[in-house]
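Below is one structure, written out as structure tokens; comments come after it.
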Amino acid sequence: MKKALEMLARKEGRGTELVSLYIPPGKQVSEVLAMLRDEYGTASNIKSDATRNNVQDAITKVQQRLKLFKQIPKNGLVLFSGAIPQNGPGSERMETYVFEPLEPINVYLYRCDPKFHIEYLQEQLREKETYGILLLDANDASFATLQGKRLEIIQEITSGVPGKHRAGGQSAARFERQREAKLLEYFNRVGKHANEIFLPIQNLKGIILGGPGPTKYDFEKGEYMHYNLKSKIISVLDTAYVSEQGVDEIMERAPDILRKVRYIDEKKLVQDFLYQVGHDTGLATYGEDEVRHALRMGAVKTLLLSEGIDITRVTIKCTACGHTTQETMREQALSGFQQKLVSEQCPKCKAQTLTVEEVKDVVEELAELAEHANTEVEMISTETEEGQMLKNSFGGIAAVLRFKLSH
Ligand SMILES: [Zn+2]
């Protein structure tokens, strides 16, 4: 699904004509079909003939697919349809995709846009990752987990630590000692609960620590949690509350936090590659041809692909003698190349019969090669300095290798 979505993410219509439809579980098929009939009617107002036809074709395709379902599956249903240019303008072909989500979707959405709306399905993939939330102050602590948008408060405990003001008649030093001891006991208890709750979670991506005041920092500094958990603290935040309201505060800021976490991952991935290049270890390579070669040799441990590249691999075939060659070019250069090709001779038989047989996104092609070689594929955004560097200095295609290659 991840790969399918990455593939869909790169598809673009000529105009605003790609249909995305998300149907949550529990919707009636007939109700959705009625909505689509309305949308079909509305589309008849579109001025451009080509766009109107493409939109209406896309809606018809979606209707046809939907009719195959007696009822919406238990997690809902997602359909994409639209005319996708294959080899430049005029080469559009209707493509339709149907997904049954891995988990229930909770949006009902119909959109017609230049791109498919895959973000809700993408979110579900990310949902596999879980974050631990630990909020504490001197009085209470709460433990929660965040999986995608699903938040679960696991436990809330109280500290038993007395307030800062001693009762009359007690010696100040003795009171302070007792309070310190109670606090230490409390921190140990929080650590123990954290270990019990967070350690068994597979795919625990990080822990967010929060709460009002300095207590959380005191806790962070000490060795109260298992070191594995301690190393997973990704953010320490001030919140006004420790209870459920505090967890809600974290949730509001979660998208930002998680985006930063992804950027940190991306930075690390590129930095690892840069280290190999800088130290001349022989365990890194870059550039389309070099990386393709390394992939074919099964040598690539991690393939880094910039989201900022849009190059295609074109297969040219002579219809007379069958001679084929391949060329790489930017997507925008494709139509010009096709026009030029008509007047060119086949290098083998000299006939003017060269045609474009296949156009493949290079990112897609390399990702496919990587799959066969059991390689990790990482899409790197251009949001970080490292991501920019990957795109601008290394052509957006780089690899960290398992072993050295001798050319
Ligand atoms: Zn030929």
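Residues take their numbers from the sequence shown, with the count starting at 1. Counting starts at 1 for both ligands and their atoms, following the listed order.
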Check against side chain to side chain donor-acceptor pair (under 3.5 Å), E288 and T328: CA-CA 9 Å; E288 192 200 333; T328 300; 2.9 Å; yes
Rounded distance [0.5 Å steps], CD1 in I59 versus CG in N54: 11.0 Å
If I take atom CD from residue E266 and atom CD from residue E307, how far apart are they, to the nearest 0.5 angstrom?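 Going from the CD atom of E266 to the CD atom of E307 covers 6.5 Å.
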Please report the number of protein N, O or S atoms that lie less than 2.8 Å from the Zn ion (ligand 1). 4
K11/D361 ion pair, N-O < 4.0 Å: no
N-O pairing of K216 and E220 below 4.0 Å: no
Q271 and E386: side chain to side chain donor-acceptor pair (under 3.5 Å), yes or no, with the steps? CA-CA 7 Å; Q271 277 163 5; E386 284 82 356; 2.8 Å; yes
